[in-house]
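Scroll down for the structure; my scribbles are underneath it.
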Amino acid sequence: MANGSSASIFYREVVDAIARNPPNVGDLDVLKKLCEAVEAGDKPAVAWLTRQLVKLSGAEDPLHAISYELFHALMARILLRGWFEEFDLLINWPQTRFGSRNKRVANNWDGIITIVKDQPQSLELLTGSNQEQEWQRALNGLDGAMRHFAKVDLPAAAKMGARPEGPSFDERVLPEQLLETIEQFYRVMQMLFQQLLELALAKLERDNNDVAGLRKLQDLQLPLWKLLTTKDIPKDFKAGKALDELKMQNDRRTIILNKKIRVTEFRYGRGRAKLHRFLDAFPPFNARSVIFNSLDRDDTDQPDVRGERIGSIQVSRDRQLAYFLVAYGHTWDAKERPSPANLFRRSLIKARHGGRLRLVENDELIAFLYSFFAETLAEFTRQATTAADKSKAGVNAWRETVETASVYFGQMTTHSRLNLTEGPPNYLTHMFPRNLIGRLLHDCGVHAVRSAYVLLSLLNRINGSHAELAGGINARWVRLPLHVGMLIQTGNFGVVVQHNDYSSVTDNDGLKTTMTAWEQPPHEADPPDASDAMLKFQEDLTANGFSSDLDMPISSVAILAVGEPVTTHTIWNSYEKKVVPSQLFTRLVGASNAPQYQFDVRYLRLSELEREWYNEHVLRFWNNECLAIWENWARVLTSTKISDAEYEKQKQAYMKALNTALDRVEDSYEKQILPKKEELSKALRDDNKLLLPGVRIVTAARLATVLPAVEKVVDHLNEISQPNFRLKPNFVPPFARREEVLLEVP
């Protein structure tokens, strides 16, 4: 077929063909009138003309001479209008006798999605003029593709013992193309989401009470969720064709929710330099970029860039909306009454920021965190009834402030999973690219540098305004295999341990308790000097926060000299000079002919293994098993109308069920992960050629295993196990809170 020509109207090719071919233009005239009706939005005319067109032969001239591109453009416009009956007629209408039906239809979908990717503005997508209308158009496209995917024949699963031959191309081509189409329409919707989110945040930054934009996004998410998620099957639904159809549609929706899609834009390097770059996920893609490479020395050509599941992206976007709503003092649900925490946040923004809060630059974040600390300190002090409570007000305010910073980084950033450039640009001034969920791509080094600048600047402000309330400050970079974290010790607030987007506070009382356990023999000799022994303990605590039960080489170095100011230059200069060139292992780990080659990468591979275990076992434990147990007992355990004896009986049964689930997930860790950690720990200690002089090894057994999800359930069980303890009617355990649903680690 001939290629279509560009023109101001998408069907210019048809107009030109009519002018060239009088008087035999009857078939072309039908096509022209259909195109005109589509452009005019005349649904009745489109319905009638589509039926007239498909009665004609698209496989013969003059219609056959019209380019595929013209028909794809016409189909795309009908699809985005949501006129599914007319679309179905047209996409199944043969325009050629070549190829199978599956291949012809797949080619039509491919043509449609090519226009969506390459010329979205021609379809009134991503124009920036009316994002809500464009959202509906993209939703129509997604809906149409999902309707076809719900009915398409999927390749049969391979039978046990059968020859390892995959399905034929003809079996695969249409379902694969439909999944590709679903991904592309979903990607367009995420770009539109980001545009709407940025508009909503711009309004919030000017007026923290203007949440209309975020509420609109919540409203737009609802039909998308309804389209994607499985439908409940009524208990009285009878077996038969309708039930089978619903089950099949649910199976297809599950496939879509579990589909991993690309969430980062990237460009692999070519030639000898091989500079791979992450690009921004939103056009213009080259507006932000950063060089990346794999930590695996053998993975140089095209390092694997992971995708994320559509279902996880959906939850992430909901949490993003919830984060910004709560950050500006509003409830997740518009129908809920503001809580004291919501009102506290609104008051803080009004009193200290004049109702205008922006959280984009590092210094803006520091200013907000200081305001948060000051107001939280004042509130804790006001509520204190004893001298002991007043003495703890500072550390409690600091803990909540650090947690607020962690939540911020958890929502605004994402781990790149690949190593970002360790030379210029300065991490504190560079604009990092975003992924499809609008989060900045960081690796451990970027997180450490940003956290160091933010938290140290914040501590200096606190000490300057509150008479050295935090006490002396000692901050250190902490090197572990293929990772850098950070440790901050303060005289009065205890210790902050930072890894990636997460920071945690252990106060001085908690440090004493943990150190007492750490000092219990038997263990290797500790330094005789008390300050050196304390540093060793703090390093071990930091290592345990990154990966427990694993012996690792470790080193640390002061971030700043005494009296050195905290600036973007001093923090970055420290990182470049003290962290980037530092090493734990000898050069043998990089020598391909040495037995120690890639030994450091074994830690990375073990981390990958633990990630897979987490995704399989911890997510099931938390999201499914614990939630199901709670739902089974929630009504009785929050009741005020049953006797104490009956309540105790039900509580014990509930605790037994949770403990059984706990045993399963702990057993899986001890069988699948712990032996691998013990094997690597032994290999490290048995090879005296691995480590550089002066690099010591953490003895992981001195500190307890850290599994946060497990610890939260244990804390819940410890709380309710007290005699005569009853839950309040409004109690919800952490694993039943929608904001704490665990997502797969990509």
Side-chain angles (χ1 to χ4, degrees), residues 1-99 101 103-127 129 133-134 137-138 140-141 144-145 148 177 181 184-185 188:
M1 289 189 180
N3 290 327
S5 59
S6 60
S8 58
I9 55 174
F10 82 91
Y11 55 93
R12 171 62 61 186
E13 178 186 354
V14 182
V15 175
D16 293 343
I18 291 173
R20 290 195 305 269
N21 295 287
N24 301 316
V25 295
D27 292 357
L28 291 176
D29 193 52
V30 175
L31 177 59
K32 175 176 175 288
K33 289 178 179 178
L34 175 58
C35 292
E36 290 172 339
V38 169
E39 285 288 80
D42 189 344
K43 174 67 164 60
V46 169
W48 187 82
L49 287 165
T50 302
R51 284 158 178 78
Q52 299 309 304
L53 182 66
V54 298
K55 292 177 183 178
L56 305 173
S57 175
E60 296 179 0
D61 288 340
L63 291 173
H64 182 67
I66 299 298
S67 68
Y68 290 129
E69 289 82 1
L70 183 282
F71 287 109
H72 295 155
L74 176 60
M75 292 177 202
R77 283 163 170 78
I78 292 175
L79 175 64
L80 296 187
R81 292 274 190 178
W83 299 337
F84 298 130
E85 290 184 18
E86 292 70 30
F87 175 79
D88 291 350
L89 289 172
L90 199 55
I91 199 168
N92 289 301
W93 179 54
Q95 300 155 52
T96 177
R97 293 188 177 93
F98 297 103
R101 176 189 175 279
K103 185 176 180 181
R104 290 197 303 268
V105 175
N107 284 340
N108 283 339
W109 280 110
D110 180 60
I112 292 167
I113 212 61
T114 296
I115 299 172
V116 172
K117 289 191 291 185
D118 298 343
Q119 300 174 325
Q121 289 82 7
S122 71
L123 300 175
E124 297 179 56
L125 292 174
L126 302 177
T127 66
S129 59
Q133 185 181 78
E134 292 178 10
R137 293 174 65 78
N140 289 338
H148 279 239
Q177 181 57 55
T181 302
Q184 292 305 327
F185 275 120
V188 168

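Side chains are part of it too, since the values below use all heavy atoms of this structure and drop only hydrogens, waters and symmetry mates.
With values rounded to the nearest 0.5 angstrom, Leu70 atom CG is found 12.0 Å from Arg12 atom CZ. Here the CD1 atom belonging to Ile78 is positioned 4.5 Å from the OG1 atom belonging to Thr50, to the nearest 0.5 angstrom. Here the CH2 atom belonging to Trp93 is positioned 4.5 Å from the CG atom belonging to Leu63, to the nearest 0.5 angstrom. Taking CG of Asn140 as the start and CZ of Phe87 as the end, the distance is 11.5 Å to the nearest 0.5 Å. Between atom CD1 of residue Ile66 and atom CG of residue Leu28 there is a gap of 5.0 Å, rounded to the nearest 0.5 Å. Rounding to the nearest 0.5 angstrom, the gap separating the CG atom in Leu90 from the CE atom in Met75 is 4.5 Å.
A side-chain donor-acceptor contact under 3.5 Å links Glu13 to the backbone of Ser67. Without hydrogens or angle criteria, Asn92 side chain to Asp88 main chain gives a donor-acceptor distance under 3.5 Å. For the pair Glu134 (side chain) and Leu126 (backbone), a donor-acceptor distance under 3.5 Å is present. Side chain of His72 to backbone of Trp109: no donor-acceptor contact under 3.5 angstrom is found. Of the possible polar contacts, one joining the Asn108 side chain to the Ile91 backbone as a donor-acceptor pair under 3.5 Å is found.
Scanning both residues, Ala73 and Phe10, for their nearest heavy atoms gives CB-CD1, 3.9 Å. In plain terms, the two heavy atoms of Thr181 and Ala145 that are nearest each other are CG2-CB, 3.9 Å.
Results of the side chain to side chain contact (heavy atoms under 4.5 Å, CB included) test with Leu74 over Val38, Leu79, Val14 single out Val38 as the only residue that passes.
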Go through the steps to decide whether Arg101 and Arg104 satisfy the test side chain to side chain contact (heavy atoms under 4.5 Å, CB included), and finish with yes or no. CA-CA 5 Å; Arg101 176 189 175 279; Arg104 290 197 303 268; 3.9 Å; yes

Applying side chain to side chain contact (heavy atoms under 4.5 Å, CB included) to Leu123 and Val116, what does each step give before you reach the verdict? CA-CA 7 Å; Leu123 300 175; Val116 172; 3.8 Å; yes

From CA spacing to verdict: side chain to side chain contact (heavy atoms under 4.5 Å, CB included), Lys32, Val15: CA-CA 7 Å; Lys32 175 176 175 288; Val15 175; 4.1 Å; yes

Side chain to side chain contact (heavy atoms under 4.5 Å, CB included) assessment of Leu49 paired with Glu36: CA-CA 10 Å; Leu49 287 165; Glu36 290 172 339; over 6 Å; no

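Contact of the Leu56 side chain with the Leu31 side chain is not registered, since no non-hydrogen atoms from C-beta on lie closer than 4.5 Å.
A side-chain hydrogen bond (donor to acceptor under 3.5 Å, both in side chains) check over residues 111-124, counting only residues at least two apart or in different chains, returns nothing. Under the side-chain hydrogen bond (donor to acceptor under 3.5 Å, both in side chains) criterion, the residue pairs touching residues 73-85 are Arg51-Glu85, with sequence neighbours excluded.
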